[in-house]
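Step one of this worksheet: look at the structure below.
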Amino acid sequence: MKLYPTVGCLLMAALITACQSSKNEIDTSAIRLITLDPGHFHAALVQKIMYEGVDSVVHVYAPDGPDLQLHLDKIEGYNTRAENPTHWKEEVYKGTDFFDKMIADKAGNVVVMAGNNRLKTDYIQKTVGAGFNVLADKPMVISASNFDQLKESFATAEKNKVMLYDIMTERYEITTMLQRAFSQQAEVFGTLEKGTPENPAVTKESVHHFYKNVSGSILTRPAWFMDVAQQGEGIVDVTTHLVDLVQWECFPEQTIDYQKDISLTSARRWTTDMSLSQFKAITKQDAFPDYLKKDVVKDSILQVYSNGEINYQLKGVHAKVSVTWAYKAPEGAGDTHYSIMRGTKANLMIRQGAAQQYKPTLYVEAVGGNKGLEASLKTVLPTIQKEFPGVEVKKIAAGWEVIIPEKYKEGHEAHFGRVAQKYLDYLKAGSLPTWEVPNMIAKYYTTTQALELARKSKGARAKE
């Protein structure tokens with residue numbers, strides 16, 4: 001995969017002089033954001049902070065309605081908060097021809113997409129085709145039938161000298177970053193096991209909740225979020241993050257060829273049941289809309305295929321990822337994550353249960369009678385601390401707990417700013433890392449093919 005050429009020349013005519021003086025530098029003051037049909041709160045989280053050199057005026061193109069208003073209310077909340085308020089100015093177009101109007105106006109050069117996924121792949125293709133950069137929330141595609149369209153969009157982006165990138169926030173969770181860092185220390189970790197389908201080398205499990213608190217208030221979800229034809233099934237939605245992390249941690253900065261390096265073993269899907277009263281609490285709607293009635297049983301129970309599991313091999317390494325959606329978390333808890341990477345010398349485990357007070361915690365545990373883990377940890381810790389100053393390890397009964405300073409525990413919402421800043425850095429540099437595009441393609445191949453396999457499998461059952 002070729003590097004993307006310099007993007008400065010396409011951002012605006014005023015950048016021509018800067019491009020001529022240095023083809024790898026652009027005047028980032030010319031970066032102007034567009035938000036397209038912001039139906040998911042992730043669109044607002046991209047604007048929870050300001051970015052140096054990015055215009056404070058954001059052009060929004062969307063149909064009029066509650067999704068748009070919820071987005072604007074969140075931006076206003078960021079603008080008016082007491083601590084570090086933002087100063088975004090939203091210029092909104094509400095016509096039914098909002099997409100065509102966005103393309104015609106060319107009011108900005110970076111389009112943020114986070115909303116209804118039914119048309120997202122089509123929007124991506126047309127937007128990069130028109131010469132815009134795109135920063136898209138996951139998933140970029142929710143069905144195998146549209147996979148080739150997404151793949152073509154990356155080729156179009158390269159041809160048009162624009163960047164297409166997805167928002168992988170979980171790469172910025174500190175326990176995951178440290179799990180990756182320790183896995184690259186052969187003296188502690190050894191080498192990654194190959195594993196088996198029954199005992200994978202890598203397992204990642206994620207638990208999410210429909211009823212949740214975001215930016216200090218209970219999140220109102222659009223009714224279509226529960227429609228898998230619009231949001232996508234769980235196996236192609238949240239699992240996108242988990243598949244991305246398997247690639248990112250196990251084969252850091254290595255290119256993955258989806259046609260050669262991925263082999264699916266099994267996949268399954270099941271539903272989360274939601275009562276009408278629960279549905280009302282998160283959508284503020286009194287009845288199930290017509291498009292959800294296909295998923296309603298006993299007149300009042302909505303069954304959402306929000307759960308999924310994928311067992312597969314990546315470059316010969318057995319991996320398992322799974323996502324589960326419950327309605328509401330236990331008191332004091334939230335979305336949780338479990339992960340293990342099995343090495344020949346040690347296992348690296350992230351747990352986030354009651355014992356960890358529902359805070360992700362990384363552990364290092366010796367395997368195979370390894371008696372030298374303590375000495376190895378002392379040897380490699382200075383290397384870890386160069387990248388993550390202040391990180392320590394503490395002996396516990398089962399092994400070692402990685403002690404992480406509070407400054408690194410910034411929370412999920414802050415990770416959207418991290419991704420956006422990284423994307424802006426790539427724009428300034430004029431290229432993405434060579435492995436990013438093929439690995440995005442590989443990731444979406446894995447999720448969409450897994451959905452096809454799960455639908456054909458006997459494991460596709462109504463409820464676990």
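Keep in mind the model is a prediction, meaning the values are calculated, not measured. Starting from 1, each residue takes its place in the sequence as its number.
- Side-chain contact check for E401 versus L362: every heavy-atom pair is 4.5 Å or farther apart.
- Side-chain N or O atoms of W270 include none that pairs as donor or acceptor with a backbone N or O of G308 at under 3.5 Å.
- Formation of a donor-acceptor pair under 3.5 Å by the Q230 side chain with backbone atoms of W224 is not found in this model.
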Quiz prompt | T240/T447 under side chain to side chain donor-acceptor pair (under 3.5 Å): CA gap, chis, key distance, verdict | solution = CA-CA 7 Å; T240 306; T447 58; 4.8 Å; no
Exercise. Start with the C-alpha distance between D237 and Q231, add both sets of side-chain angles, then the distance that settles side chain to side chain donor-acceptor pair (under 3.5 Å), and finish with yes or no.
Key: CA-CA 8 Å; D237 184 15; Q231 175 62 24; 2.9 Å; yes
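- In this structure, P438 and T255 approach most closely via the heavy-atom pair CG-CG2, 3.6 Å.
- Counting heavy atoms of neighbouring residues, nucleotides and ligands inside a 6.0 Å radius, atom NZ of K378 does not exceed 12 of them.
- With a 4.5 Å cut-off on side-chain heavy atoms, V162 and F132 do not count as touching.
- At a threshold of 4.5 Å between non-hydrogen side-chain atoms, the residues V364 and F189 do not count as touching.
- Heavy-atom neighbours of K407 NZ from other residues, nucleotides or ligands within 6.0 Å: above the threshold of 12.
- Using a 4.5 Å cut-off on side-chain heavy atoms (C-beta onward), L164 and N133 make no contact.
- With hydrogens and angles ignored, the 3.5 Å screen pairs no side-chain donor or acceptor of E387 with any backbone N or O of I384.
- With respect to E365 and R351, a salt bridge is recorded, a charged nitrogen being found less than 4.0 Å from a carboxylate O.
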Practice problem: Evaluate side chain to side chain contact (heavy atoms under 4.5 Å, CB included) for I310 paired with L264, printing each intermediate quantity in order. | Solution: CA-CA 8 Å; I310 311 171; L264 295 178; 3.9 Å; yes
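- Here the CE-CD1 distance, from M113 to I124, works out to 5.5 Å after rounding to the nearest 0.5 Å.
- The main-chain N or O of M226 is never found under 3.5 Å from a side-chain atom of R221 such that the two would form a donor-acceptor pair.
- Under a 3.5 Å cut-off, the side chain of Y444 and the backbone N or O of P139 do not form any donor-acceptor pair.
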Quiz prompt | side chain to side chain donor-acceptor pair (under 3.5 Å) evaluation trace for D335 with H209 | solution = CA-CA 6 Å; D335 294 351; H209 303 89; 3.0 Å; yes
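- Taking the ring centroids of Y211 and W325, they lie at or beyond the 6.0 Å cut-off.
- Between atom CZ of residue F388 and atom OH of residue Y408 there is a gap of 7.0 Å, rounded to the nearest 0.5 Å.
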Exercise. Determine, step by step, whether R342 and N199 satisfy the side chain to side chain contact (heavy atoms under 4.5 Å, CB included) criterion, reporting the C-alpha distance in whole Å, the side-chain angles of both residues, the deciding distance to 0.1 Å, and the verdict.
Key: CA-CA 10 Å; R342 297 197 301 110; N199 189 20; 3.5 Å; yes
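- In this structure, D227 does not pair ionically with R118, as no charged nitrogen and carboxylate oxygen lie closer than 4.0 Å.
- In this structure, NE2 on H415 lies 8.5 Å from OG1 on T176, to the nearest 0.5 angstrom.
- Annotation: side chain of K138 is in contact with side chain of V238 (closest heavy-atom distance under 4.5 Å).
- In this structure, the side chains of H208 and T324 stay at 4.5 Å or more apart for every pair of heavy atoms.
- In this structure, the side chain of N109 does not engage the main chain of I31 through any donor-acceptor pair within 3.5 Å.
- Formation of a donor-acceptor pair under 3.5 Å by the Q247 side chain with backbone atoms of N439 is found in this model.
- No hydrogens or angles considered: a donor-acceptor pair under 3.5 Å links the side chains of H412 and E170.
- A 6.0 Å sphere centred on CZ of R171 holds more than 12 heavy atoms belonging to other residues, nucleotides or ligands.
- The backbone N or O of R180 sits less than 3.5 Å from a side-chain atom of S183, completing a donor-acceptor pair.
- The structure places CD1 of I282 at 10.5 Å from OG of S277, a figure rounded to the nearest 0.5 Å.
- Using modelled atom types, one side-chain atom of N160 and one backbone atom of V128 make a donor-acceptor pair closer than 3.5 Å.
- For Y165 and Y426, the distance between ring centers is under 6.0 angstrom.
- Contact check on R269 versus E309 returns no salt bridge, with no Lys/Arg side-chain nitrogen under 4.0 Å from an Asp/Glu carboxylate oxygen.
- Rounded to the nearest 0.5 Å, atoms OG1 (T121) and CG (L150) are 6.0 Å apart.
- Inter-residue side-chain proximity for F210 and K328 is flagged as unmet; no heavy-atom pair is nearer than 4.5 Å.
- Taking each heavy atom of F279 and A223 in turn, the nearest pair found is CZ-CB, 3.7 Å.
- Using modelled atom types, one finds a donor on one side chain and an acceptor on the other under 3.5 Å when comparing S339 with Q179.
- With hydrogens and angles disregarded, no donor-acceptor distance shorter than 3.5 Å links the side chain of K120 to the backbone of A114.
- Rounding to the nearest 0.5 Å places CG of L348 at 6.5 Å from CE of M341.
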Exercise. Carefully, step by step, assess T344 and V367 under the rule side chain to side chain contact (heavy atoms under 4.5 Å, CB included).
Key: CA-CA 7 Å; T344 54; V367 298; over 6 Å; no
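- Electrostatic pairing of D261 and K315 counts as a salt bridge here, judged by a charged N lying under 4.0 Å from a carboxylate O.
- The pair E158-K151 fails the salt-bridge criterion, with no side-chain N (NZ, NE, NH1 or NH2) lying under 4.0 Å from an Asp/Glu carboxylate O.
- Screening residues 227-269 for ring-ring contact (aromatic ring centres under 6.0 Å, His included), with sequence neighbours left out, gives F147-Y258, Y258-Y445.
- The environment of K359 atom NZ is sparse: at most 12 non-hydrogen atoms of other residues, nucleotides or ligands sit within 6.0 angstrom.
- Checked for salt-bridge contact, E249 and K204 meet the test: a charged N lies under 4.0 Å from a carboxylate O.
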Quiz prompt | Derivation and outcome, side chain to side chain donor-acceptor pair (under 3.5 Å), residues N307 and T272 | solution = CA-CA 7 Å; N307 312 292; T272 295; 2.9 Å; yes
Exercise. Given ring pair (Phe, Tyr, Trp, His ring centres under 6.0 Å), test H42 with F416 step by step and report yes or no.
Key: CA-CA 8 Å; H42 288 176; F416 287 84; 4.5 Å; yes
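- Between K48 and V46 the shortest side-chain heavy-atom distance does not fall below 4.5 Å.
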Practice problem: Quick one: do Y327 and D273 satisfy side chain to side chain contact (heavy atoms under 4.5 Å, CB included)? Show the steps, please. | Solution: CA-CA 8 Å; Y327 177 71; D273 291 357; over 6 Å; no
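- The existence of a salt bridge linking E173 and K409 is excluded, since no basic side-chain nitrogen approaches an acidic carboxylate oxygen closer than 4.0 Å.
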